[in-house]
Amino acid sequence: MAISSIAVLGGDLRQRYAAEYLCACGWQVSCSNTLDVPWDSKVTLDGSLPHALAHADVALLPTPLSKDGQYLFQANQAMPPCLLTELWGFLAPGQTLAVYSLPKSQADILKEKGCQVFQFGQLPIFSRENSLLTAEGLLSELIRCTPFSLASARVLLLGYGCCGSAIGTLLHPLCRSIYLLEQDLDKQAVAEKKGICPIQTEDFPTVLPHCNIIINTIPAAVMEPNQIRKLPGSCHIFDIASSPFGFPEDTAEKYALPYLRLPGLPGRFSPAASGKAIGKIIERITDYVL
C-alpha cells in the first residue's frame with residue numbers, strides 16, 4: 001500500500017472507530033480535534049491540526065463535514081473551533097482528502113491547491129451499508145418519539161434512494177401502511193413490489209390528513225405550506241435528509257407539528273459499525289483508486 005499515513009480530523013465516535021480499524025490494518029494514524037476517548041496505543045493524538053496533517057498522505061474529514069457550513073464539525077467542544085477556510089490552508093499539494101460529501105465550491109478550492117478529493121458517500125458499496133445503519137437508527141427514534149404503535153401507523157416516505165429503500169424495507173412489516181412519494185418510475189415499481197404504495201402530489205388531499213408519520217430523505221423542500229397544513233396535529237415528521245433538509249427549521253412552531261431533524265443516525269446508534277465501514281472504504285480507495 002503506497003499510502004499508509006492518515007490524519008483523522010474532528011467528528012464523532014465514527015472517527016474513533018475508523019481510526020482504530022485503519023490502525024489495526026497497519027496505517028500510521030494521527031487524530032486531531034476528535035472526542036477524548038480511549039484509543040489504541042498506536043493511534044497518535046495530536047492537539048494541533050497543522051501538525052497532524054503535516055505528515056499525512058490522507059486526511060479523513062468528519063461526517064458531516066460541518067454543521068453550519070463554516071466550521072469543521074468537532075464533537076469535542078473543548079477543542080478550539082476551526083474554520084474550513086483555515087483548514088484548507090493547512091493542506092499541501094499532493095495530499096488526499098476523504099470526505100462523505102463536499103460542496104462543489106469547496107472541492108474546486110482544494111483541486112486548485114493540487115489536492116485530490118475523494119467523496120465516498122455515494123459509492124454503492126458504502127451507501128448500502130450506511131443506509132441500513134441509518135434505517136436501524138431511525139427505527140429507534142420512531143419508537144422512542146411517537147406515542148402510538150407502529151402497527152397502527154400510516155407512514156408517508158419522501159424519497160426512495162438508498163436510505164429510503166432501506167427504511168421502507170425495514171418498516172413495511174411493522175406499519176399499517178406506507179405511502180411513497182418518488183418521481184423515478186423504476187423506483188416506484190420496486191417499492192410497489194415490496195408492498196409500498198407510490199402516490200403523486202395530486203393524492204395529498206386524500207393521504208395527508210390520515211398520516212401519522214412522515215419520513216423525509218430528500219435534501220430539498222418537497223411539500224408546500226398549504227400541504228403541510230393538511231397534516232393532523234399528531235403527525236410526527238422525521239427529517240433525516242442532509243442540509244438543507246426537507247422542511248424549514250421552524251416547522252414545529254409554524255405548523256404546531258412534532259418535527260425532528262435527525263442527521264448522522266449511524267454515528268449516534270451504530271458508531272462502531274459505521275466507523276469500520278468508513279475505514280474499509282478508505283482502505284479500498286487507497287488500494288484500488290489512488
Side-chain angles (χ1 to χ4, degrees), residues 1-12 14-19 21-23 25-35 43-77 79-127 130 219 242-244 263-264 267 274-275 277-290:
M1 181 171 57
I3 296 176
S4 59
S5 60
I6 187 167
V8 179
L9 310 181
D12 53 27
R14 284 174 285 189
Q15 296 290 80
R16 168 196 172 179
Y17 289 108
Y21 173 82
L22 291 168
C23 184
C25 292
W27 287 60
Q28 296 177 4
V29 183
S30 122
C31 297
S32 183
N33 287 34
T34 50
L35 285 170
V43 175
T44 302
L45 299 181
D46 200 323
S48 166
L49 280 170
H51 189 269
L53 286 167
H55 306 291
D57 299 312
V58 180
L60 173 59
L61 302 184
T63 304
L65 170 64
S66 172
K67 289 194 170 182
D68 60 5
Q70 299 184 53
Y71 288 89
L72 181 74
F73 168 48
Q74 300 166 212
N76 185 354
Q77 299 299 318
M79 301 296 292
C82 176
L83 283 165
L84 293 179
T85 52
E86 182 181 11
L87 176 62
W88 305 154
F90 299 150
L91 297 167
Q95 285 185 307
T96 296
L97 271 77
V99 58
Y100 181 85
S101 65
L102 193 66
K104 185 179 184 302
S105 58
Q106 302 282 353
D108 289 342
I109 292 173
L110 295 170
K111 288 176 182 177
E112 287 179 7
K113 285 181 63 73
C115 298
Q116 186 169 4
V117 178
F118 195 87
Q119 302 183 56
F120 57 82
Q122 298 306 312
L123 290 177
I125 191 173
F126 179 81
S127 294
N130 194 62
S242 56
S243 180
S274 182
I278 291 172
K280 284 183 175 180
I281 201 66
I282 298 303
E283 187 178 30
R284 186 180 182 90
I285 64 174
T286 52
D287 278 346
Y288 298 105
V289 179
L290 303 179

Of all the heavy-atom pairs spanning [X] and [Y], show the shortest one and how long it is.
{"X": "Phe90", "Y": "Cys82", "value": "CE1-SG, 4.4 Å"}
{"X": "Gly264", "Y": "Arg14", "value": "CA-NH2, 4.0 Å"}
{"X": "Asn130", "Y": "Ser274", "value": "OD1-OG, 4.0 Å"}
{"X": "Trp27", "Y": "Glu283", "value": "CZ2-CA, 4.4 Å"}
{"X": "Ala59", "Y": "Leu9", "value": "CB-CD1, 4.5 Å"}
{"X": "Gln95", "Y": "Leu53", "value": "NE2-O, 2.7 Å"}

Discussion item. Going by the rule side chain to side chain donor-acceptor pair (under 3.5 Å), which residues pair with Ser66 if we only count those two or more places apart in sequence or in a different chain?
Written reply: Asp68
Can you measure from [atom1] ([X]) to [atom2] ([Y]) and round to the nearest 0.5 angstrom?
{"X": "Ile6", "Y": "Cys31", "atom1": "CD1", "atom2": "SG", "value": "9.0 Å"}
{"X": "Leu60", "Y": "Ile278", "atom1": "CG", "atom2": "CD1", "value": "6.5 Å"}
{"X": "Leu87", "Y": "Leu110", "atom1": "CG", "atom2": "CG", "value": "8.0 Å"}
{"X": "Thr63", "Y": "Gln15", "atom1": "OG1", "atom2": "CD", "value": "6.5 Å"}
{"X": "Ser32", "Y": "Asp46", "atom1": "OG", "atom2": "CG", "value": "5.5 Å"}
{"X": "Gln119", "Y": "Leu102", "atom1": "CD", "atom2": "CG", "value": "5.5 Å"}

Item to complete: Please identify each residue that fulfils ring-ring contact (aromatic ring centres under 6.0 Å, His included) with Phe126, with sequence neighbours left out.
Response: Phe120
Is there side-chain contact between [X] and [Y], with at least one heavy-atom pair below 4.5 Å?
{"X": "Pro93", "Y": "Cys115", "answer": "no"}
{"X": "Asp12", "Y": "Pro62", "answer": "no"}
{"X": "His55", "Y": "Ser5", "answer": "no"}
{"X": "Thr96", "Y": "Asp57", "answer": "no"}

Worksheet item: For Thr44 and Val29, what are the C-alpha separation, side-chain angles and deciding distance, and is it a side-chain contact (heavy atoms from CB on, under 4.5 Å)?
Response: CA-CA 6 Å; Thr44 302; Val29 183; over 6 Å; no
Worksheet entry | Main-chain N/O of Pro80 paired to Gln74 side chain as donor or acceptor, under 3.5 Å | yes
Worksheet item: Where do Tyr100 and Ile281 land on the side-chain contact (heavy atoms from CB on, under 4.5 Å) test, with the steps shown first?
Response: CA-CA 11 Å; Tyr100 181 85; Ile281 201 66; over 6 Å; no
Discussion item. With a 6.0 Å cut-off (strictly less than), is the heavy-atom count around NZ of Lys111, excluding the residue itself, greater than 12?
Written reply: no
